[in-house]
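To find a chain, count down the sequence lines: A is the first, B the second, and so on, and within it residues start at 1. The figures here come from the full heavy-atom set of this structure, side chains too, leaving out hydrogens, waters and symmetry mates.
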Number of protein chains: 2
Amino acid sequence: MSDIAKAAGVSPMTVSRAFKADASVGKKTREKILKIAEEMGYVFDSTASNLRSQKSGFVAATIPSLNNANFADTVRGLNEAMRDKGLQLLLGYTDYNVENEERLIEQLLRRRPEAMVVTGGRHTDRARRLLLNASIPVVETWDLPEDPVGHTVGFSNADAMAQLVEHLHASGARRLAFIGGDDNGDTRGADRRKGFVSKARALGLEYRLVSLGAPPVSMREGARAMAELLDGDTQPDAVLCVSDLAAFGVLTECQRRGIDVPGEMMIAGFGAFDLAEISVPTLTTIDAHAYDIGARTGALLAEILRGDSPQDGAPSIMRIRPTLKVSRSTAAK
Amino acid sequence: MSDIAKAAGVSPMTVSRAFKADASVGKKTREKILKIAEEMGYVFDSTASNLRSQKSGFVAATIPSLNNANFADTVRGLNEAMRDKGLQLLLGYTDYNVENEERLIEQLLRRRPEAMVVTGGRHTDRARRLLLNASIPVVETWDLPEDPVGHTVGFSNADAMAQLVEHLHASGARRLAFIGGDDNGDTRGADRRKGFVSKARALGLEYRLVSLGAPPVSMREGARAMAELLDGDTQPDAVLCVSDLAAFGVLTECQRRGIDVPGEMMIAGFGAFDLAEISVPTLTTIDAHAYDIGARTGALLAEILRGDSPQDGAPSIMRIRPTLKVSRSTAAK
DNA sequence: GTGAAAGCGCTAACAA
DNA sequence: TTGTTAGCGCTTTCAC
């Protein structure tokens, strides 16, 4: 910057101001400075700027995995909301593991993000402490934590799945199976399974649970689980899955075996992936509005960070309403 | 840090060293310092560290979109390779647009990344200049640029698609159609189309091209394009798609119309998405080894950044060999 | 609208 | 093994 200052015959301070759109610099002076900077191939060093101004321009986010269209959609929503505000997303992948999450949160906090977005409402004690101590806005997403760390943009995974069970019951299903949602990291999946179990019980329905192994859930595992189920003694008349990917795997297994869907077997998934809307038959699913979760989180943070409320007032809870999308795969007989 | 120093009765410098695993500090001193730091809820400020040491610990990467399992896989491979080296990935999304890419590259360079990974080999002139001036290692991926900016980890999209055309020809297809690959941003898609056209010509095959609109390509658009094709005058006997997602959409359209695949219509995609391996029938595709592209890029950068070769020697070109995965959807009659 | 002085929180370089 | 000094490249603050 001082090189530019010399070349332009001004002080470094004026050069600094020339780069800020809202700073008061003579129009001609600014143009001259910017021109010289471009010619010199100068690239602003935000590292130094961040240190001095104590603002990193970062919003950090942890997500379980990128290889999941739902979380990718949330990130897209978040990113679009940040971009306009001149904020940069700093992403970390937890791989569905709260210990990884703790390490990641610590690592991300070292970069002094101005806000932190986490997926899910369950964390290690130390992770909670780190988030609380950071004195920056924190948003938990994709969940409705009992004891939120800060703000919340999410929904009850259990309630959403219960809604799906009701729909299947109303469509005539009596012997249900749930595929996925083991308690090995994916707390949202586990919550969905809980919601399934309690609603199935409440309605007096027969039900079975099939495990899938460690997340992320793949289509192939869904197919394998379905094969296991079909090779067993008692056959369900409807299968609910922790995600649409597993549900599609289930559908393909039915296709391979010549089982009619929904005639002989109803299938439902979760997440409203593109796949659910185009497969033959189309899959009944729950749309959790993944993009909106990101977009609303971004809007919330933009508002908090813009407003000069360093210690934000009351933590807000934005309830997302997951939508039941009924399709061919659960059409009543 | 100076607070911790006071509490521990040492100098700030010793505290600083205590946080570096390889620095020489008395074992007891270090333990004491780390304990005090944890109690005080201190979190290391890498902003300041980065400025002073002129090392950001960032590797920046631009990708067209996260909502694409291929790029997500590449990022995963890259991220895993970085993580162990204490490097952080800084991601930007270009949305398949070189002007966006230019803006993004400039923005990312302000963070002073230690290396830069870009998707594709075509950039605006200014973007090229920025990358060249940055004097950091640059890697172009998913392509084989004619005039590389720096290192390359990729393959020829045209050649890969030509390979697929040969396979279809050998399987008995004579009237081909290619769906996707318009020249509106997705240069890799456009290259695939070029490869298709030149090989189809070379083999003396009839062919048609169907556009899809702006990327990213979705399953639905594949289905729509196929409907358009089927409603036309001349019918192909094989359809090649710019991606597996479009190919799956094509398959569903055939299913809806009762067209037998591969009996009446062969289908092939690109990318080796999970979907291709599980759909009924399974889809013939090209595996570009997306994860490996990321992993090898990461390994390359780790090596360069570890080695004290600030100005790296000869730019390396890592050719990835895309693999033809033949499946049911193109089984010979 | 512009400039001078000071310093953000850490660490390179050197000294002990 | 530990400490001292200076400074990374910006921007805050205050002065003009």
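- Regarding B:M40, its CE atom lies at a distance of 13 Å from the P atom of C:dG9, rounded to whole Å.
- Within the 4.0 Å cut-off from OP1 or OP2 of D:dT11, not a single side-chain nitrogen or oxygen of A:S53 is found.
- Contact annotation for B:S46: no contact, since no heavy-atom pair falls under 4.0 Å across all strands.
- With A:F58 as the aromatic partner, B:R111 meets the cation-pi criteria of under 6.0 angstrom to the ring centre and within 45 degrees of the ring axis.
- B:T47 comes within 4.0 angstrom of nothing in the nucleic acid, heavy atoms only.
- Whole-Å rounding puts the A:M13 CE to C:dA5 P distance at 14 Å.
- Picking from C:dT11, C:dC10, C:dG1 the nucleotide with the shortest atom distance to the side chain of A:S24 gives C:dG1.
- When distances are taken from the side chain of B:S11 to each of D:dG3, C:dA4, C:dG9, the shortest belongs to D:dG3.
- Between A:T152 and A:E140, the side chains place no donor N or O within less than 3.5 Å of an acceptor N or O (distance only, hydrogens not considered).
- If you measure from atom CD of B:E31 to atom C1' of D:dT1, you get 15 Å, rounded to the nearest angstrom.
- Looking at the side chain of A:V10, the nearest of the listed nucleotides D:dT2, D:dT12, C:dG3 is C:dG3.
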B:R126 vs B:E99, salt bridge (charged side-chain N to carboxylate O under 4.0 Å, His left out): CA-CA, chis, key distance, verdict: CA-CA 10 Å; B:R126 183 146 177 282; B:E99 267 85 37; over 6 Å; no
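- We find that CZ of A:R110 is positioned 11 Å from P of C:dC10, with the value rounded to whole Å.
- Separating the CZ atom of A:F44 from the C1' atom of D:dG9 is a distance of 9 Å, rounded to the nearest angstrom.
- At a threshold of 4.0 angstrom between heavy atoms, the contacts of A:T14 are confined to the sugar-phosphate backbone, with no base atom among them.
- Regarding B:Q54, its CD atom lies at a distance of 18 Å from the P atom of C:dG9, rounded to whole Å.
- Ring centers of B:F71 and B:Y93: at least 6.0 Å apart, outside the cut-off.
- For D:dT2, the OP1/OP2 oxygens have a side-chain nitrogen or oxygen of B:T29 closer than 4.0 Å.
- A:S49 comes within contact range of the sugar-phosphate backbone alone, with a heavy-atom separation under 4.0 Å but no base atom that close.
- What separates CZ of A:R52 from P of C:dA5 is a distance of 16 Å, to the nearest Å.
- Among the atoms of the strands shown, only primed sugar atoms or phosphate atoms (P, OP1, OP2) are found under 4.0 Å from some heavy atom of A:Y42.
- Across D:dG9, D:dC10, D:dG3, the shortest atom-to-atom separation from the side chain of A:L51 is found for D:dG9.
- Taking only distance into account, the side chain of B:R17 meets the base of D:dG3 through a donor-acceptor pair shorter than 3.5 Å.
- Looking at B:E101 and B:H123, their side chains do bring a donor and an acceptor atom within 3.5 Å of each other.
- Atom C1' of nucleotide D:dC8 and atom CG of B:D45 are separated by 14 Å, given to the nearest angstrom.
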